[in-house]
Amino acid sequence: MSSDAGKKAYVVAMVIQVIYTGMYVVSKAALDGGMNSFVFIFYRQAAATLLLVPLAIILERRNAPPMSLWLFTKIFMYALLGSTVSMNLHNLSLKYTSATVASATSNSIPVITFLFAVLLHLEAIKLRASSGAAKLAGVALCIAGVLVIALYAGPPLSPLNHHRAFAGHAHAGGGNKQGQWMKGTFLMLLANVTWSLWIVLQARLLKEYPNKLLLTALQCLLSTGQSLALAAAATGGKRDVWRLRLDVGLVAVAYSGFVVTGVSFYLQAWCIEKRGPVFLAMSNPLGLLLTVFCSSFFLGEVVHLGSILGGALLVAGLYSVLWGKSKELPPPPSPFPDHASAIICTVKQGSATSDGDMNMDKEDGVKLEEKRIKLDSQV
């Protein structure tokens, strides 16, 4: 992979984290405002489908590879796993916790993704190499950061903004009831397991179906139908929960559908194809720092010292793993390979020519000596 493509992958990973930070904030505000979490996911997937399907038909319809029934079944199951199940679990857990807690627990994704990638032989660890040691150290730092945030609250820090941008009741991570906190954390970890498995499986699916836009659009379309059935079963025929109003709920649906599901999913597919599934998952700690700042500023959530210390450990783990992966990249080719070969060939040819001249001189000397002996015999 060229250096330009490598730099683009880093930029894309950071853009994805910025997008997800906005999703945490507006989604939490919408759920605090009373929006049903299952209906939320349906509208989000429907908005993304309206954006992606026309683009996919226009841009990639002509070069779309043939699709077998088995491949379609795999895409349907991947949409169910990575979109429908994972997103609904995530939003349901976000309702019981806070944006900061949701972002913090999502940092278990690098560990889970790495384990899945190793089991499926998509990643390897060279324990005796510095790159392998850096990977393990980065994973350990990520785990330590999550544990610090989860187990050590520390003194509270004053919110950056005492006047909340969104109406509703703000939940501070330490103010939740213990039962709700444990329930929300369990659901979030389960959502992260399904999401990590989707990331790893997506890397293999892209080899069978390389059209990223068509693949993303098809998964969004299938997930829309799946989410509709799930929301209808969860709401029990209540019509009021399906009504969209001109409030933060509509903003959250539009942002999550068009920007997160539409744009971010395509960027994730591109990043997975270029750098692999673990590289994308390892950029998650950056999103935690952004979420801590934005949730405090926009939602008025109380941030504790433990979140800051844990975030620092997570960022250290991020750069440790990225350094380890950079060491595994192949060295750049020599800028003058042809010239070097030419010099070597010239030296070899020069040596061969010199040896040939010496041999020719010896042969000429032998011939002259034979002629001289022949003349002496004649005389």
Side-chain angles (χ1 to χ4, degrees), residues 11-33 35 37 40 44 87 90-91 93-109 142 145-146 148-150 153-154 156-176 181 184-185 188 191-192 195 247-264 267-268 280-315 318:
V11 174
V12 168
M14 288 188 291
V15 170
I16 291 172
Q17 295 309 317
V18 173
I19 292 174
Y20 272 92
T21 298
M23 181 198 71
Y24 288 134
V25 175
V26 297
S27 297
K28 178 59 179 175
L31 294 174
D32 286 346
M35 189 171 189
S37 61
F40 185 125
R44 167 181 170 172
M87 289 181 184
H90 179 274
N91 265 25
S93 63
L94 186 60
K95 185 177 180 180
Y96 293 116
T97 57
S98 66
T100 303
V101 173
S103 182
T105 53
S106 70
N107 286 282
S108 62
I109 291 177
C142 287
V146 172
V148 167
I149 294 174
L157 304 178
S158 177
L160 298 175
N161 183 16
H162 294 277
H163 303 283
R164 302 181 64 230
F166 302 113
H169 177 64
H171 293 278
N176 289 339
W181 185 87
T185 303
M188 183 64 71
N192 293 339
W195 182 255
D247 55 7
V248 67
L250 182 60
V251 174
V253 167
Y255 179 85
S256 300
F258 293 116
V259 180
V260 179
T261 306
V263 178
S264 177
L267 293 178
Q268 288 182 78
L280 176 61
M282 285 298 178
S283 64
N284 285 342
L286 177 62
L288 172 61
L289 295 181
L290 296 173
T291 304
V292 168
F293 175 81
C294 293
S295 62
S296 177
F297 187 83
F298 293 105
L299 300 178
E301 289 184 351
V302 178
V303 180
H304 294 264
L305 180 61
S307 300
I308 303 300
L309 295 178
L313 290 174
L314 290 167
V315 171
L318 165 66

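Starting from 1, each residue takes its place in the sequence as its number.
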**Asked** How close do L94 and K28 get, heavy atom to heavy atom, and via which atoms?
**Response**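 Closest approach of L94 to K28, heavy atoms only: O-NZ, 3.2 Å.
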**Item:** Closest non-hydrogen atom pair, S256 against M23
**Value:** OG-CG, 3.9 Å
**Message:** I'd like to check the side chain to side chain contact (heavy atoms under 4.5 Å, CB included) partners of S93; sequence neighbours left out, ordered by chain and number.
**Reply:** L187, M188
**Item:** side chain to side chain contact (heavy atoms under 4.5 Å, CB included) partners of I16, counting only residues at least two apart
**Value:**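 Result, side chain to side chain contact (heavy atoms under 4.5 Å, CB included) vs I16: V12, Y20, S264, L267, Q268, L280.
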**Message:** What's the separation between atom OG in S295 and atom CG in L290, rounded to the nearest 0.5 Å?
**Reply:** 10.5 Å
**Request:** Any chance you could measure L299, atom CG, to T291, atom OG1, to the nearest 0.5 Å?
**Result:**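 Separation between the atoms: 10.0 Å.
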**Complete:** Sequence neighbours excluded, the answer for side-chain hydrogen bond (donor to acceptor under 3.5 Å, both in side chains) partners of N91 is none
**Qualifying residues under side-chain hydrogen bond (donor to acceptor under 3.5 Å, both in side chains), relative to Y255, sequence neighbours excluded** =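 Per chain and number, Y255 pairs via side-chain hydrogen bond (donor to acceptor under 3.5 Å, both in side chains) with no residue.
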**Prompt:** Where the side chain of S103 meets the backbone of A99, is there a donor-acceptor pair that is under 3.5 Å apart?
**Reply:**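 Not confirmed, S103 side chain does not pair with A99 backbone.
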**Request:** Applying ring-ring contact (aromatic ring centres under 6.0 Å, His included), name anything that partners Y24, two or more places apart in sequence or on another chain.
**Result:**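 ring-ring contact (aromatic ring centres under 6.0 Å, His included) list for Y24, sorted by chain: H90.
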